[in-house]
Amino acid sequence: MQTSSVAMVPISSVVVSATPRSGGEDAEHVRLLAEVLADLPPIVVHAETMQLIDGLHRLRAAVSLGWTEIRVRYFHGRVEEAYLLSVAMNVTHGLPLSSVDRVAAARRIFESYPSWSDRAVAAAVGLSPRKVLQVRRSLAGPVAQQERRVGRDGKVRPINGASGRERAGELIRQNPDASLRAIARQAGVAPATVADVRDRMRRGAQPVLQPRDRSPQPPRAGSGAQVPAQRTPDELFAALRSLQNDPSLRFNEVGRLVLRMLQTCAVAIREQESILATVPAHCTNQVSDLLIGYADVWRTFAVELRNKSAVA
């Protein structure tokens with residue numbers, strides 16, 4: 001967020017017209033804020049238009065106290081970016097937006113950014129991806145016709161993964177020794193997808209998943225990148241203890257880094273229940289997306305290590 005330092009501005013100069021709150025302000029919330037207003041953060045205002053971005057109730061509380069000036073941080077950016085910031089700030093703190101307001105915000109974001117993925121919009125407005133998908137389907141025109149979407153990580157991905165898999169297959173045929181990441185960059189797919197395509201081709205299967213085979217399969221025996229069957233936590237802990245006693249890992253910097261990474265995974269397994277119970281509700285989608293993304297990276301890493309072992 002590109003904001004300036006705090007400044008004092010006349011309350012009369014602040015414009016309140018485009019707000020994600022359809023129901024206006026809450027009088028009781030205004031009264032409560034008036035009691036502690038001096039200790040609250042400054043409001044956020046769009047620098048070019050003086051449109052209020054965040055702090056409607058703080059602004060009303062200042063007026064109720066007879067203030068003529070209020071502390072402000074200016075946001076420097078486009079009008080639509082200011083609206084996005086307004087939604088994001090009202091979702092994460094203060095009086096939460098109603099579900100109706102969140103749906104309306106999702107509609108407006110789709111109108112301005114039709115290529116955004118459902119998860120990206122869901123994270124911005126604080127709705128589930130399933131609910132955002134319903135909003136998308138209720139809209140027509142460019143929103144419904146997008147062939148590629150921008151994810152929360154800023155990467156552009158095709159809605160239909162078949163073309164990306166076909167392109168990855170072509171690149172693998174042209175250069176069988178190319179790395180997963182190099183092919184992934186050229187094909188516009190994830191490295192894990194390239195790993196699955198490569199394994200399918202080694203088994204004589206088509207790169208594109210068939211109707212009865214819609215989930216990527218782990219590399220199988222004989223593919224040169226065999227991944228063992230899923231292990232129990234106790235088996236994983238035992239394997240880690242064995243590696244921790246290996247001098248070739250313990251006594252070099254990279255080896256110790258590998259052990260620390262694996263130890264972090266072990267802690268996550270042991271503390272899984274407490275983590276599930278304590279992650280804040282508004283963070284669950286973000287944490288889930290990160291875990292899935294990291295799992296994808298770990299799987300690709302595992303396949304590359306197996307390939308290296310097979311070559312050696």
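Grouping the Ile, Leu, Val, Met, Phe, Trp and Tyr side chains by contacts below 4.5 angstrom, directly or via other members, places V30 apart from L32. Cluster annotation: W67 is connected to V16 through the hydrophobic network of ILVMFWY side chains, with a link wherever side-chain heavy atoms come within less than 4.5 Å. Under the 4.5 Å side-chain heavy-atom criterion for ILVMFWY residues, no single connected hydrophobic cluster contains both V79 and V45. I70 and V36 fall within a single hydrophobic cluster, where Ile, Leu, Val, Met, Phe, Trp and Tyr are joined by side-chain heavy atoms under 4.5 Å apart, directly or via other members. Note on L259 and L236: separate hydrophobic clusters, where clusters join Ile, Leu, Val, Met, Phe, Trp and Tyr whose side-chain heavy atoms are under 4.5 Å apart, directly or indirectly.
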### Verdict with supporting geometry, D234 and F237, side-chain contact (heavy atoms from CB on, under 4.5 Å)
CA-CA 5 Å; D234 286 342; F237 297 152; 4.1 Å; yes
### Query
Can you check side-chain contact (heavy atoms from CB on, under 4.5 Å) on V287 and L291, steps first, answer last?
CA-CA 6 Å; V287 173; L291 289 174; 4.0 Å; yes
### Message
side-chain contact (heavy atoms from CB on, under 4.5 Å), that's the test. Do L52 and V15 meet it? Break it down for me.
### Response
CA-CA 6 Å; L52 179 68; V15 178; over 6 Å; no
### Query
After noting the C-alpha distance and the side-chain angles of R250 and D246, does the key distance pass the salt bridge (charged side-chain N to carboxylate O under 4.0 Å, His left out) rule?
CA-CA 6 Å; R250 291 172 56 194; D246 189 327; over 6 Å; no
### Task
Before giving the answer on salt bridge (charged side-chain N to carboxylate O under 4.0 Å, His left out), spell out for D196 and R165 the whole-Å C-alpha distance, their side-chain angles and the decisive distance to 0.1 Å.
CA-CA 9 Å; D196 182 67; R165 281 178 164 271; 3.0 Å; yes
#### Entry: Trace of the side-chain contact (heavy atoms from CB on, under 4.5 Å) decision for R21 with E25
CA-CA 8 Å; R21 297 185 184 278; E25 61 264 22; over 6 Å; no
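Using modelled atom types, one side-chain atom of T264 and one backbone atom of R260 make a donor-acceptor pair closer than 3.5 Å. No donor-acceptor pair under 3.5 Å is formed between the side chain of R71 and the backbone N or O of M8. Using modelled atom types, no side-chain atom of N175 and backbone atom of L171 make a donor-acceptor pair closer than 3.5 Å. Within the 3.5 Å criterion, the main-chain N or O of L127 finds no donor-acceptor partner in the side chain of R102. Without hydrogens or angle criteria, S86 side chain to A82 main chain gives no donor-acceptor distance under 3.5 Å. The backbone N or O of A268 sits nowhere less than 3.5 Å from a side-chain atom of E271 that would complete a donor-acceptor pair.
Two residues are said to be in side-chain contact when any heavy atoms from C-beta on lie closer than 4.5 Å; R58 and P41 meet this criterion. At least one side-chain heavy atom of I109 sits less than 4.5 Å from a side-chain heavy atom of L84. Within the 4.5 Å cutoff, the side chain of P42 has no heavy atoms near those of the V72 side chain. With contacts defined as side-chain heavy-atom distances shorter than 4.5 Å, the pair E69/V9 does not qualify. Within the 4.5 Å cutoff, side-chain heavy atoms of L37 are placed close to those of L65. Taking the side chain as every heavy atom from C-beta outward, V194 and I172 approach each other to under 4.5 Å. Residues V44 and Y74 have side chains not in contact (no heavy-atom distance under 4.5 Å, counting atoms from C-beta outward). Contact of the R136 side chain with the P114 side chain is not registered, since no non-hydrogen atoms from C-beta on lie closer than 4.5 Å.
For E166 and Q206, the side-chain atoms include no donor-acceptor pair closer than 3.5 Å. No hydrogens or angles considered: a donor-acceptor pair under 3.5 Å links the side chains of S98 and D101. Side-chain contact, S64 with R31: no donor N or O sits under 3.5 Å from an acceptor N or O.
The neighbour count for Y294 OH, taken as heavy atoms of other residues, nucleotides or ligands under 6.0 Å away, does not exceed 12. For E48, the CD atom sits in a loose shell: 12 or fewer heavy atoms of surrounding residues, nucleotides or ligands are nearer than 6.0 Å. Other residues, nucleotides and ligands place no more than 12 heavy atoms under 6.0 Å from the CD atom of E273. In this structure, R181 places its CZ atom where only 12 or fewer heavy-atom neighbours from other residues, nucleotides or ligands lie under 6.0 Å away.
To the nearest 0.5 Å, the span separating CG on L243 from CD on Q263 amounts to 11.5 Å. Note that CG of L40 and NE2 of H57 are 12.5 Å apart. Values are rounded to the nearest 0.5 Å. Atom OG of S242 is separated from atom CG of L249 by 9.5 Å, given to the nearest 0.5 angstrom. We find the CZ-OG distance between R78 and S112 to be 8.5 Å, quoted to the nearest 0.5 Å. Atom CD1 in I292 sits 5.5 Å away from atom CZ in R119 (nearest 0.5 Å). Atom CZ of residue R60 and atom CG of residue L56 lie 5.5 Å apart, to the nearest 0.5 angstrom.
Annotation for A105 and V125: closest pair CB-CG1, 3.9 Å, computed over non-hydrogen atoms. The nearest pair of heavy atoms linking V132 to D118 is CG1-O, 3.6 Å. F110 approaches W116 most closely through the heavy-atom pair CE2-O, 3.9 Å. Closest approach of I43 and G55 over heavy atoms only: CG2-O, 3.6 Å. Residue N90 comes nearest to P20 through the heavy atom pair ND2-CG, 4.1 Å, listed as atom of the first residue, atom of the second, then distance. Closest approach of R198 and A178 over heavy atoms only: NH2-O, 2.7 Å.
The aromatic rings of F75 and H46 sit tilted relative to each other, their planes meeting at an angle between 30° and 60°.
Taking 4.0 Å as the cut-off between side-chain N and carboxylate O, E170 and R173 do not count as a salt-bridged pair.
Figure legend: R108 and Y113 shown without cation-pi pairing, the cationic atom not lying both under 6.0 angstrom from the six-membered ring centre and within 45 degrees of its axis.
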